[in-house]
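Below is one structure, written out as structure tokens, with a few remarks after it.
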Amino acid sequence: MRLSFADGTQARRFLIETAGHVLSERPRLEHEGRWTDLEGDLDRLIRERNGADGRGVQLDCEYLLVLAAHEPRLVGPGEPDCVTRAARPEPLG
């Protein structure tokens with residue numbers, strides 16, 4: 001998946017606002033005075049991973065899609081009643 005942004009600030013804002021683990025840790029990191037460290041680390045990551053050839057920022061991201069579905073309960077006691085299937089998309093480029 002390719003994510004495109006006008007600039008690094010927009011990319012950093014998107015990554016922070018859509019990452020649940022980052023959002024949940026923000027109060028603690030701010031309290032400890034480490035939030036700006038995380039923002040700096042994200043800025044470095046964005047610069048390193050930027051695939052744009054000119055203006056803006058393009059980040060190529062690989063995602064693992066996992067689907068879990070309940071199958072009819074035809075299993076015995078102690079056996080799982082849910083089946084998980086995973087598919088890894090083909091890399092970009």
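Note: hydrogens, waters and symmetry copies are ignored here, and every other heavy atom, side chains too, is used. Note that the coordinates shown come from a computational prediction; the quantities given were computed from them, not determined experimentally.
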Looking at side-chain heavy atoms only, is the closest gap between [X] and [Y] below 4.5 Å?
{"X": "L38", "Y": "R34", "answer": "no"}
{"X": "V57", "Y": "Q10", "answer": "no"}
{"X": "L59", "Y": "L15", "answer": "yes"}

Task: Criterion side chain to side chain contact (heavy atoms under 4.5 Å, CB included) on E39 and L42, from CA distance to verdict - done: CA-CA 5 Å; E39 290 178 315; L42 274 174; 5.7 Å; no
- [ ] Just jot down the salt bridge (charged side-chain N to carboxylate O under 4.0 Å, His left out) partners of R13, sequence neighbours excluded, or say none.
- [x] none
Open item on the list: Tell me every residue that passes salt bridge (charged side-chain N to carboxylate O under 4.0 Å, His left out) with R44, counting only those two or more places apart in sequence or in another chain.
Closed with: D41
Task: Residues, nucleotides or ligands: over 12 heavy atoms within 6.0 Å of R28 CZ - done: yes
Say you draw a straight line from [atom1] of [X] to [atom2] of [Y]; how long is it, rounded to the nearest 0.5 Å?
{"X": "R26", "Y": "E17", "atom1": "CZ", "atom2": "CD", "result": "8.5 Å"}
{"X": "E48", "Y": "D43", "atom1": "CD", "atom2": "CG", "result": "11.0 Å"}
{"X": "L29", "Y": "T36", "atom1": "CG", "atom2": "OG1", "result": "10.0 Å"}

TODO: Using atom types as modelled and distance alone, determine if a side-chain donor or acceptor of N50 lies under 3.5 Å from a backbone N or O of Q58.
DONE: yes
